[in-house]
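Throughout, protein chains are lettered first and strands after them, A, B, ... in sequence-line order, and every chain is numbered starting at 1.
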Amino acid sequence: MAQAGVIAAAPAAVPHREATVFRIRLVTVICLLVAWEGLAALGSLEILYGDVIPSSWKIVFAIWNEITAADFYRDLGITFAEHIVGFIVGSAIGLALGIAMGVNPLLRKAIEPYLNAIGSTPKIIFLPILFLIFGTGIDSKMAKGALSAFFPVVFSTALGMILINPVLLRVGKSFNLNQWQTVIKIYIPAMVNPVITGLRLGMAITVIGVLVAELKFADGGLGYRLGNYYEQFRIAEMYAIILIIFALAALANMGMTRLQTYANRHQGGSAAHSLSVATN
Amino acid sequence: MTGSFKLSKSPVLVGGIGVAVFLCVLEIAVETGMVMELVVPRPSDTFLAFPPVQEDMDLVGNFFVTLGMTAASTGIALAIGVPFGYFLYRNRRYGVAYEGWLAAAFAAPTVLLYPLFLVIFGRTYLTLIMMGFIPGAIPIVIQTRQGLLGVSQTLLNVGRSFNVSEREMFWKIQLPSAVPTIFTGIRIGVMYTLVNIVAIEYLIDFGGLGRIVSEMYFRFDTPGTYASIVAVILVSVFFYWGFGRIEKWLRPV
Amino acid sequence: MASILEISEVSKTYDVDGENPVQALDRVTLDVAEGEFVSVIGPSGCGKSTLFNIVGGLIAQYEGSVRIDGHAVDGAHSDVGVVFQEESTFPWRTTLDNVAFPLEVQGLAKADREERARKFVSLVGLEGFENHYPAQLSGGMKQRTAVARTLAYEPRIMLLDEPFGALDEQTRMLLGDKMLEIWSALNQTMLLITHNITEAVQLSDRVVVMSFRPGKIKEVIEIDLPRPRSSEVISTPKFGEYVGRLWTLLREEASRGMVEAEAELAAR
């Protein structure tokens, strides 16, 4: 197939470009830090609202205090438990329903508008209902987690089922595969990628969902900690918790992306890097 | 699946009947005390709660408050996001350098920043607008750059074969090509902005619709709570559907 | 007849990652007279698109010279129009606006542009579809739009890179007839790249056969079939002979290409 796209594009000398990219990132980080310290200095001189921008050292110190505090780990454990349970329950239901929707087009078309409606709504708005049903304890956060995890998983799974190349199914039929073999040899390999994408998104969204629920009503968990620091006007600690949460979320996401790249190793090209309509 | 074959041809009907059946069952369950009224109200009560909630809390007015802030955030997100996305496209190295950060920022729980913004900006509309702006701007930046990068080489070649100037190349070929992708970014941005603003309204008891949901819950007004939640659902659906339609209109392009 | 296009000892080597340079073209020399219809045929990988891009001014670095009317080619030339193989219509413009594009770039006033664009739209047989968008047109119609757009540029030389490659054979043959009609009406010089032997013989005055990489001219065959020609010529015995000759020449190159492609894949 002739390629009309072969134009003057000289292949960039890779090492040189990577060095520049690194330089840009480094310089950006340094500039941001300097700007931050500048603002912090203004703060300590009482030009900016008191302690709103604490110096980086204070934040580093606060992070250290957090990760060496016993009750931090208690709260981390609580949030983690809420997240895991919610994620597992929500994903399981999402997977089951997604597969059912893939197998039964009538079900899919009947349910789809309602799923889209709830899916596009900020799930946080359902917290009052969850609080009414489960109380304000740990159960409600798990339920919120399940609610958050459910949507990306169900959408991803249903989509994955629909997008299975029909040719592949016909190939299976032509080789007289029975139901079970079709599932194992065609459906499952084809579904690995969409399902992992859904789980990856679900995991990230469940983090937000659980934390936000803790911010409203809780007596434990990282979100609860953050809320407390806010009420006590302990700004550096607030930054510390937020940074720790962001870091943990980024790590989890990286882990899932690695998993996805591994699962896709035969396909060539990077794993799903698309901005699909993630729900909240 | 056997069943009336007419029914299977009409999923909308099946869905509608399903919902109706569910609501009836719920109504009966609450009526007979199987489900506690304080936890889940009768659907009929929820429906009837709308007029008093509107009267009391001005649902419609507050809808416009939320809408207004969403619009303001989106406006700022566009004003900053599109040029920045263009900058990242023009300067390849910066684009590559920040690509990973932007993707990470997109997935990050930005809503958690609200206590900080509360401290900095206070309990004001500005806080809400800024909190809406951040999750809205990121997809716009990403998609603007993507859209411009993704212009088909063939179309660029067409331009070159007609000796088109660089300016014309941008305005007549690259930008029109990129518009559908950029609009996807806008759609995602608007949804995220709306969701974040409503969420924070709920969390800090300030602003439009989100505040009303929180307020109703505080007053132990269960039907009112459910009614205001339904209102939020309707608003979200409207936005989701509306922007989806616009995107589809741009896409066959 | 004067040569409008003089390709002289043109070579092009691609430097992929600075390691294994790939020589796409090796001292290609060809003169094309004004008003001629010349086809260039060869296996995939013979460099025909590279040659095409060089003549069209889309590739800047190469050895040798390409002259149009005696002037060296330096970037896109106003005497050369290009029709690409892929879908190249602007999806956001109607048929009419697509065809009017080069006129717009040249700065013509709206009324003028539309009038002239309409002429070319009907020349390719798309009257009635002026206000359709490419998404509403078939593949063949989109390519016709691309052809009309290039015609509106009024170049003396038209370069067509397998424009009908993606279409089914029957549509292709009918469009081939259309091209001949347009050619006799406007009298441009046509340079067609194709991998389709039947198409080459059906349309051309001369067929240039290229070898597999590095691309050289293997042979040039004069097609001595009567003009005006229509697709019915394919039923004549002489047509079959030409096709046979060309296939004999091509076959060796094509199978060499296949063997090398497979070897490359196996090496990965």
Side-chain angles (χ1 to χ4, degrees), chain B residues 78 81-82 85-86 89-90 92-93 96 140 142-188 242-253, chain C residues 49 52-60 73-94 97-107 132-137 142-143 145-155 157-163 166:
Chain B
L78 278 171
V82 173
Y86 174 74
Y89 154 74
R90 276 310 287 248
R92 306 279 161 140
R93 309 268 162 86
V96 171
I140 290 177
I142 297 178
Q143 292 294 88
T144 300
R145 173 173 175 258
Q146 274 310 118
L148 288 169
L149 283 176
V151 176
S152 136
Q153 183 65 51
T154 306
L155 293 183
L156 293 175
N157 286 347
V158 170
R160 290 180 62 186
S161 75
F162 287 130
N163 244 318
V164 154
S165 73
E166 221 189 295
R167 241 190 118 83
E168 281 171 323
M169 190 72 103
F170 179 75
W171 289 104
K172 288 189 192 292
I173 300 183
Q174 290 175 301
L175 196 54
S177 239
V179 160
T181 307
I182 297 180
F183 191 80
T184 301
I186 297 177
R187 173 177 63 79
I188 295 176
F243 275 84
R245 285 303 296 265
I246 300 178
E247 194 182 357
K248 230 174 250 166
W249 178 75
L250 285 171
R251 270 288 167 183
V253 155
Chain C
S49 273
F52 170 85
N53 283 322
I54 291 177
V55 175
L58 296 170
I59 292 183
V73 160
D74 176 27
H77 201 283
S78 59
D79 278 339
V80 178
V82 175
V83 178
F84 296 95
Q85 175 183 21
E86 301 88 5
E87 248 176 58
S88 61
T89 45
F90 297 125
W92 58 88
R93 285 177 174 242
T94 58
D97 286 335
N98 258 292
V99 174
F101 181 74
L103 305 171
E104 206 177 295
V105 166
Q106 282 162 6
H132 281 63
Y133 285 94
Q136 300 163 300
L137 302 174
K142 283 188 270 205
Q143 279 302 65
T145 306
V147 169
R149 181 178 59 189
T150 310
L151 288 175
Y153 191 51
E154 297 194 79
I157 303 177
M158 289 269 288
L159 299 181
L160 303 119
D161 184 0
E162 303 191 52

remark   = Note: B:Ile173 and C:Trp92 closest approach over all heavy atoms is O-CH2, 3.3 Å
ask   = Looking only at heavy atoms, which two atoms of B:Asn163 and C:His77 are closest? And how far apart?
value = ND2-N, 4.3 Å
task = Please look at C:Glu87 and chain B and tell me whether the side chain, the backbone, both or neither of the residue comes under 4.5 angstrom of a heavy atom of that chain.
result = backbone
inquiry  = Using heavy-atom distances under 4.5 Å, tell me whether C:Val80 contacts chain B through its side chain, its backbone, both, or neither.
reply    = backbone
task = Could you walk me through whether C:Phe84 and B:Ser161 pass the side-chain contact (heavy atoms from CB on, under 4.5 Å) test, one step at a time?
result = CA-CA 10 Å; C:Phe84 296 95; B:Ser161 75; 4.2 Å; yes
message = If I measure from the heavy atoms of chain B, does C:Arg149 come under 4.5 Å with its side chain, its backbone, both, or neither?
response = both
key: Part of B:Ser152 within contact of chain C (heavy atom distance under 4.5 Å)   = neither
key: CZ on C:Phe90 to NZ on B:Lys172, rounded to 0.5 Å   = 10.0 Å
message = On a heavy-atom basis, which atom in B:Thr154 and which in C:Ser88 lie closest, and how many Å separate them?
response = CG2-CB, 3.7 Å
key: Distance-minimising heavy-atom pair for B:Val164 and C:Val105   = CG2-CG2, 3.6 Å
